[in-house]
Visitor: 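To start, I am sharing the structure in question, which I have written as structure tokens.
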Amino acid sequence: GMELNENNETDITCEAACSKIAPSNTSPPISALDIKNGTYYGNLDQKKKGTPDNWIHILEGTRSASWYLPKVGGNHDCDCDK
């Protein structure tokens, strides 16, 4: 019932957290190769202009920090409270 709906709404809001992060002014725009690969390396603050809204960010604070297109949903480390 209602509980499930509330959870779904929370999830949707949180899913959108990554899309709300503004692209970096210092990073290059996303390339055709990035899109073909479905990923590029970068921290949360290194989002490239043109990154699709459905891409999410993972592994902030590690050398493997990346933006990528999740195959199915997928956890992310974007701040859900923003």
Visitor: Between P52 and I30, is there a side-chain heavy-atom distance shorter than 4.5 Å?
Guide: yes
Visitor: How far apart are the C-alpha atoms of Y40 and S31, what are their side-chain angles, what is the distance that settles it, and do they pass the side chain to side chain donor-acceptor pair (under 3.5 Å) test?
Guide: CA-CA 9 Å; Y40 61 84; S31 69; over 6 Å; no
Visitor: If every non-hydrogen atom of I56 is compared with every non-hydrogen atom of H76, which pair is closest and at what distance?
Guide: CB-CB, 3.8 Å
Visitor: State, to 0.1 Å, how close S19 and D53 come at their nearest heavy-atom pair, and which atoms those are.
Guide: CB-O, 3.4 Å
Visitor: Flag yes if Y41 and I58 sit in one hydrophobic cluster, no otherwise; membership is Ile, Leu, Val, Met, Phe, Trp, Tyr, and two members link when side-chain heavy atoms are under 4.5 Å apart.
Guide: no
Visitor: Does any pair with a residue in residues 29-43 pass salt bridge (Lys or Arg N to Asp or Glu O under 4.0 Å), and if so which ones, sequence neighbours excluded?
Guide: D34-K48
Visitor: Side-chain contact test, heavy atoms from C-beta onward, threshold under 4.5 Å: evaluate it for T39 versus W67 and give yes or no.
Guide: no
Visitor: Output all residues satisfying side chain to side chain contact (heavy atoms under 4.5 Å, CB included) with T26, sequence neighbours left out; order by chain, then residue number.
Guide: S24
Visitor: Please enumerate all residues that pass salt bridge (Lys or Arg N to Asp or Glu O under 4.0 Å) together with K47, with sequence neighbours excluded.
Guide: none
Visitor: Please round to the nearest 0.5 Å and tell me the distance separating atom SG of C18 and atom CG of N54.
Guide: 10.5 Å
Visitor: What residues, two or more places apart in sequence or in another chain, satisfy side chain to side chain contact (heavy atoms under 4.5 Å, CB included) together with N43?
Guide: D45, Q46, E60, A65
Visitor: Kindly compute the distance separating CD1 (I21) from CH2 (W55), expressed to the nearest 0.5 Å.
Guide: 14.5 Å
